[in-house]
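Count residues from 1 along the sequence.
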Amino acid sequence: MTASIGRPIGQHTAIRALRAYLQDIAGALGIGLESSTIDDDPPVSAYLALDTKLAHYPGRDVALLWDERHGWAAAIETHSGEDLIVLRYLGGPTVAPAPRRVARFVTALHEDDHTVGRPDPVALRSTGDAGLADLLRRS
């Protein structure tokens, strides 16, 4: 296996596992991966655009964000091109919950159901901890 210079082999494995995990999440949401990205710089993170809007934020695109410390968050795009505005975090117990749990999080977001997720992030693991690929594969 070949890894980019400066990227440990283990991180390369985690990126492949993250791509497969994102595919599973997108499938559970009924969307494709054409509007997704992965950032392999620590903390490893991903962006998955949703093809829906939220009633409380008309005209703003909605996305799911994932990172290796906090797991999933729902966010809206700004009109000024600044950073996304995070609305809610899915929360624990793992950064890689099952696709059906992420799909339920998105449904709750659209239903304005605040019983799913939380307003603040919780560190579920540390950046660069070993075992990320295994966590992603188990989901």
Side-chain angles (χ1 to χ4, degrees):
M1 177 179 351
T2 304
S4 298
I5 293 180
R7 183 187 311 155
I9 297 290
Q11 184 176 352
H12 180 70
T13 303
I15 299 305
R16 286 190 318 194
L18 178 55
R19 282 190 186 113
Y21 177 60
L22 281 178
Q23 182 68 53
D24 291 344
I25 297 297
L29 296 171
I31 59 175
L33 287 179
E34 53 278 343
S35 295
S36 67
T37 61
I38 292 175
D39 184 354
D40 61 359
D41 289 330
V44 174
S45 60
Y47 168 97
L48 181 60
L50 301 179
D51 57 0
T52 57
K53 305 283 188 218
L54 299 175
H56 292 296
Y57 301 97
R60 294 188 185 248
D61 291 330
V62 183
L64 287 179
L65 309 175
W66 179 90
D67 74 53
E68 68 175 304
R69 291 190 64 225
H70 303 109
W72 289 102
I76 55 171
E77 303 276 354
T78 65
H79 293 297
S80 62
E82 295 176 359
D83 289 343
L84 293 113
I85 299 168
V86 174
L87 302 174
R88 295 195 66 70
Y89 294 86
L90 178 54
T94 178
V95 297
R100 68 183 177 283
R101 185 161 179 250
V102 178
R104 173 65 188 115
F105 176 57
V106 171
T107 298
L109 182 69
H110 283 89
E111 293 173 349
D112 202 26
D113 177 357
H114 295 270
T115 64
V116 178
R118 53 185 302 131
D120 55 331
V122 174
L124 301 172
R125 64 187 304 277
S126 297
T127 300
D129 278 356
L132 180 58
D134 290 335
L135 277 173
L136 292 165
R137 284 189 201 110
R138 277 187 245 142
S139 58

### Message
Test your reading of the model: is there a side-chain donor-acceptor pair from E68 to the backbone of G128, 3.5 Å cut-off?
### Response
yes
Least distance between heavy atoms, [X] atom then [Y] atom:
| X | Y | result |
| --- | --- | --- |
| G131 | R125 | C-NH2, 4.3 Å |
| L84 | A75 | CB-CB, 3.9 Å |
| A63 | Y47 | CB-CE1, 3.4 Å |
| Y89 | A73 | CD2-CB, 3.6 Å |
| A133 | A17 | O-CB, 3.8 Å |
| H70 | P121 | CD2-CB, 3.6 Å |

Are any non-hydrogen side-chain atoms of [X] and [Y] less than 4.5 angstrom apart?
| X | Y | result |
| --- | --- | --- |
| T94 | R138 | no |
| W66 | V102 | no |
| Y57 | I85 | no |

Which pairs of donor and acceptor atoms, one on a side chain in residues 18-26, lie under 3.5 Å apart (sequence neighbours left out)?
unit_1: Y21; atom_1: OH; unit_2: W72; atom_2: NE1; d: 3.0
unit_1: Y21; atom_1: OH; unit_2: P97; atom_2: O; d: 2.6

### Query
For D120, what residues pass the salt bridge (Lys or Arg N to Asp or Glu O under 4.0 Å) criterion, not counting sequence neighbours?
R118
### Summary
With sequence neighbours left out, the residues meeting salt bridge (Lys or Arg N to Asp or Glu O under 4.0 Å) with R137 are D134
Is [Y] reachable from [X] through a run of I, L, V, M, F, W or Y residues, each pair having side-chain heavy atoms under 4.5 Å apart?
| X | Y | value |
| --- | --- | --- |
| I38 | L50 | yes |
| I31 | I76 | yes |
| L33 | L29 | yes |

Distance-only donor-acceptor hits, side chain of residues 106-116, under 3.5 Å, sequence neighbours excluded:
unit_1: T107; atom_1: OG1; unit_2: A103; atom_2: O; d: 3.1
unit_1: H110; atom_1: ND1; unit_2: V106; atom_2: O; d: 2.9
unit_1: H110; atom_1: NE2; unit_2: T52; atom_2: OG1; d: 2.6
unit_1: D112; atom_1: OD1; unit_2: H114; atom_2: NE2; d: 2.9
unit_1: D112; atom_1: OD2; unit_2: H56; atom_2: NE2; d: 3.1
unit_1: D113; atom_1: OD1; unit_2: T115; atom_2: N; d: 2.8
unit_1: D113; atom_1: OD1; unit_2: T115; atom_2: OG1; d: 2.5
unit_1: D113; atom_1: OD2; unit_2: R104; atom_2: NH2; d: 2.9
unit_1: D113; atom_1: OD2; unit_2: T115; atom_2: OG1; d: 3.3
unit_1: H114; atom_1: ND1; unit_2: R88; atom_2: NH1; d: 3.4

### Task
Quick one: list whatever passes side chain to side chain contact (heavy atoms under 4.5 Å, CB included) with L124, sequence neighbours left out.
V95, V122
### Message
Per the salt bridge (Lys or Arg N to Asp or Glu O under 4.0 Å) rule, what does the pair list look like for residues 51-60, sequence neighbours excluded?
### Response
K53-D61
